[in-house]
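First the structure, in the form of structure tokens, and then the observations on it.
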There are 2 protein chains.
Amino acid sequence: MDTPPVTGRRERKKAATRKAIADAALRLFLERGYDRVSVRDVAEAADVSTTTLFKHFPSKEALVFDEEEDREAELVAAVRGRPEGQSVVEALRGHVLASWPPLAAHPLRAEFTALVESTPALLEYYERMWTRHTAALGAAVAEDAGVAPDDVACHALARFVLETPALTRGRKDLRGAVEQVFDLLAHGWRPPS
Amino acid sequence: MDTPPVTGRRERKKAATRKAIADAALRLFLERGYDRVSVRDVAEAADVSTTTLFKHFPSKEALVFDEEEDREAELVAAVRGRPEGQSVVEALRGHVLASWPPLAAHPLRAEFTALVESTPALLEYYERMWTRHTAALGAAVAEDAGVAPDDVACHALARFVLETPALTRGRKDLRGAVEQVFDLLAHGWRPPS
DNA sequence: TACAAAAGTGCAACTGGTCCACTTATTGCC
DNA sequence: GGCAATAAGTGGACCAGTTGCACTTTTGTA
């Protein structure tokens, strides 16, 4: 009859529930504003219990940032797989320029961005999503440079790179701002212009 | 009879209440650990209502970091009042080296430091206490450099400087670690050794 | 002395998050 | 096909931080 499902029914249902929760959350948040919606409201709207909601998402903030891709792997790959002769800083500059600003450019996400930027809790969570990868990126840089995995300078570089989103958010010339931050990391700070 | 009080009775009593709360909090936290003490416990121990407690301190974390000195003013002053010919980065390096590590060296504060470093919520709050001054320090640097007050590079420098505590915490050679971070800020990142 | 502002109270309520014992659906396996 | 193991979901109680409200007491001041 039907083609046998590649993924089991259980997994499909689980994914459906997850999606129902995330969809309900985003809809309510956009309608009423993040902090005028309780997690109970979201659970109600998705027709699940709050217990179930928290089995799918670890926190209220996580409801908003659903697709948790693995940024971390990409960051590490950008360092490891960079072309011969390119410096680590330049590799990361390229990676950030290529992979980050588009998010803001997507017109569909305009209201989403507005939601995040108008909600302190979400802003904080979002910035933390990046800096959480400091250890992994720092270790990758250190390994690449052939020094101890907890080398301070390498971890500092990692942390600073991961803060470009926070530092450049809301600038009119986003790419230009990112470039300036990376110039600082590449050559040190000097009084501008 | 008594010499007329310079500050009114009201202010004195208010300060006393505040101190009673902070003292009770620190004592209980050190005794039992931060998250095994509720704010109700603290209020009880200080013999005030939780409502009163929250009128003096905005959050549970704030109970721990009582003396809110004005780091911000000192940071700005370090930039503005630096000797002729010294660069901004070097001025900040000196300021951080002179004003930060002592906190950890103070033997009386050993158990306090242990409390903070063993409690994620406090650690986070502590690091945020620093980066909260990004805007002020960034603006001061920008003014000093004679560029727009929201210049990206200046704010990036400020932010990175304010993260040295977080980046170097727990290192065996604290001063050396701070120096390495400032070297990065001064000259750019280069593969170590 | 009278009165306004400030400090403190007590309590209920809300919210994010966890726990627990329980039911139901799905799956893999004999 | 039958069945036991497992995973998803339930519901409700519960905890802790935080706020709101209506109220009393204390203090400063005119």
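Fair warning: this is a prediction, and the values are worked out from it, not measured in the lab. Chain identifiers are assigned alphabetically (A, B, ...) following the order of the sequence lines, protein sequences preceding nucleic acid strands; residue numbering begins at 1 within each chain.
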Strictly below 4.0 Å, N to O, side chains only: are [X] and [Y] in salt-bridge contact?
X: A:Glu143; Y: A:Arg80; value: yes
X: B:Glu31; Y: B:Arg27; value: yes
X: A:Asp41; Y: A:Arg36; value: no
X: B:Arg82; Y: B:Glu90; value: no

Distance, rounded to the nearest Å, where [X] contributes [atom1] and [N] contributes [atom2]:
X: A:Lys60; N: C:dC14; atom1: NZ; atom2: P; value: 15 Å
X: A:Phe29; N: C:dG16; atom1: CZ; atom2: P; value: 8 Å
X: A:Glu44; N: D:dG12; atom1: CD; atom2: P; value: 12 Å
X: A:Leu53; N: D:dA8; atom1: CG; atom2: P; value: 15 Å
X: B:Asp35; N: D:dA16; atom1: CG; atom2: P; value: 11 Å
X: A:Phe57; N: C:dT15; atom1: CZ; atom2: C1'; value: 19 Å
X: B:Arg18; N: C:dA7; atom1: CZ; atom2: P; value: 12 Å
X: A:Arg12; N: C:dT26; atom1: CZ; atom2: P; value: 9 Å

Using 0.5 Å steps for rounding, measure from the [atom1] atom of [X] to the [atom2] atom of [Y].
X: A:Leu75; Y: A:Leu137; atom1: CG; atom2: CG; result: 5.5 Å
X: B:Arg18; Y: B:Phe57; atom1: CZ; atom2: CZ; result: 4.0 Å
X: B:Leu30; Y: B:Phe112; atom1: CG; atom2: CZ; result: 8.5 Å

Does the protein touch nucleotides 18-24 of chain C at the base, only the backbone, or not at all? Give it as B, S and - per nucleotide, heavy atoms under 4.0 Å.
BBB----
Phosphate oxygens OP1/OP2 of [N]: is one of them under 4.0 Å from a side-chain N or O of [X]?
X: B:Thr17; N: C:dG8; result: yes
X: A:His56; N: D:dG9; result: yes
X: A:Thr52; N: D:dG9; result: no

Which nucleotide, C:dT9, C:dA7, D:dT18, lies nearest any side-chain atom of B:Lys14?
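The listed nucleotide nearest to B:Lys14's side chain is C:dA7.
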Which nucleotide in the set D:dG17, D:dT26, D:dG9 lies at the smallest distance from any side-chain heavy atom of B:Lys13?
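The closest nucleotide is D:dT26.
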Give one of base, sugar-phosphate or nothing for A:Val37, where a contact means two heavy atoms less than 4.0 Å apart.
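Result for A:Val37 = sugar-phosphate.
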